[in-house]
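As structure tokens, the structure follows; a few thoughts come after it.
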Amino acid sequence: QVQLVESGGGLVQAGGSLRLSCAASGRTFSTFAMGWFRQAPGKEREFVAAISWSGANTAYADSVKGRFTISRDNAKNTVYLQMNSLEPEDTAVYYCAAYYERDSGAYYTKVYEYDYWGQGTQVTVSS
């Protein structure tokens, strides 16, 4: 089992930045592939970014590529999502997710591939 707690959400103007954090506890964090997803009202949860447990490999949704950066600090059991140049379309509840993975380079981009989820943190971008 692993518990995930997101933080760092809030209200920001378009063009601004936020940094989300996801703190993990429980099983060894360094063996979990991690991902960030988001869900806007009335929409399905969608992939945002993913990172392998080694940190060597990352992936991004096209809509955030070049603006968002995922990273992790295994010593702190934390994964981050740096969000720059935010747009009103980025408004959503952001969730982090974890999947136990033996392959240090693997990452996942589908909701159903993840076993553990945080409770989410609200990000609101005003125009």
inquiry  = I'd like to know if the side chain of Glu6 reaches the main chain of Ser21, judged simply by a donor and an acceptor atom lying under 3.5 Å from each other, with no hydrogens or angles considered.
reply    = no

For the student: nearest non-hydrogen atoms of [X] and [Y], plus distance:
X     : Y      : answer
Trp36 : Leu20  : CH2-CB, 3.7 Å
Gly9  : Thr121 : N-OG1, 3.2 Å
Leu81 : Ala49  : CD1-CB, 4.1 Å
Leu4  : Gln119 : O-OE1, 3.6 Å

request  = Would you indicate whether the side-chain heavy atoms of Asn57 and Ile51 approach each other to under 4.5 Å?
outcome  = no

message = Parallel, tilted or perpendicular: which one describes the rings of Tyr94 and Phe68, with boundaries at 30° and 60°?
response = tilted

With sequence neighbours excluded, tell me which residues meet side chain to side chain contact (heavy atoms under 4.5 Å, CB included) with [X].
X     : value
Lys43 : Ala40
Ala14 : Pro88, Val125
Glu44 : none

query = Near Tyr107 OH, under 6.0 Å, is it more than 12 heavy atoms from other residues, nucleotides or ligands?
reply = no

key: Counterpart residues, side chain to side chain donor-acceptor pair (under 3.5 Å), relative to Thr124 (two or more places apart)   = Gln122

query = Residues in side chain to side chain donor-acceptor pair (under 3.5 Å) with Ser52, at least two apart?
reply =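 Testing Ser52 for side chain to side chain donor-acceptor pair (under 3.5 Å), a comparison that skips the adjacent residues, returns Ser54.
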
Considering only residues two or more places apart or on different chains, which pairs with a residue in [range] satisfy salt bridge (Lys or Arg N to Asp or Glu O under 4.0 Å)?
range           : result
residues 91-120 : none
residues 30-41  : Arg38-Glu46, Arg38-Asp90
residues 79-88  : Arg67-Glu87

From [X] atom [atom1] to [Y] atom [atom2], the distance as rounded to the nearest 0.5 Å:
X     : Y      : atom1 : atom2 : answer
Tyr80 : Asp73  : OH    : CG    : 5.0 Å
Asn77 : Gln3   : CG    : CD    : 11.5 Å
Gln82 : Ile70  : CD    : CD1   : 12.5 Å
Tyr60 : Thr109 : OH    : OG1   : 14.0 Å

inquiry  = Evaluate Thr91 against Val123 for side chain to side chain contact (heavy atoms under 4.5 Å, CB included), listing each step before the verdict.
reply    = CA-CA 5 Å; Thr91 295; Val123 171; 5.9 Å; no

key: Other cluster members, Trp53 - Ile/Leu/Val/Met/Phe/Trp/Tyr, side-chain contacts below 4.5 Å   =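 When side chains under 4.5 Å apart are linked, Trp53 ends up in no cluster with other residues.
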
ask   = Which other residues end up in the same hydrophobic cluster as Tyr114, if Ile, Leu, Val, Met, Phe, Trp and Tyr are linked when side-chain heavy atoms come under 4.5 Å apart?
value =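 For the cluster that includes Tyr114, the remaining residues are Phe37, Phe47, Val93, Tyr95, Tyr99, Tyr108, Val111, Trp117.
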
ask   = Same cluster or not: are Leu11 and Met83 linked, directly or through other Ile, Leu, Val, Met, Phe, Trp or Tyr residues, by side-chain heavy atoms under 4.5 angstrom apart?
value =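 Leu11 does not cluster with Met83.
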
key: salt bridge (charged side-chain N to carboxylate O under 4.0 Å, His left out) partners for Arg72, two or more places apart   = none

query = Which pairs count as side chain to side chain donor-acceptor pair (under 3.5 Å) when at least one residue sits in residues 9-19, sequence neighbours excluded?
reply =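 Found Ser17-Asn84.
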
task = Check step by step if side chain to side chain contact (heavy atoms under 4.5 Å, CB included) holds for Ser63 and Glu89.
result = CA-CA 9 Å; Ser63 59; Glu89 293 73 24; over 6 Å; no

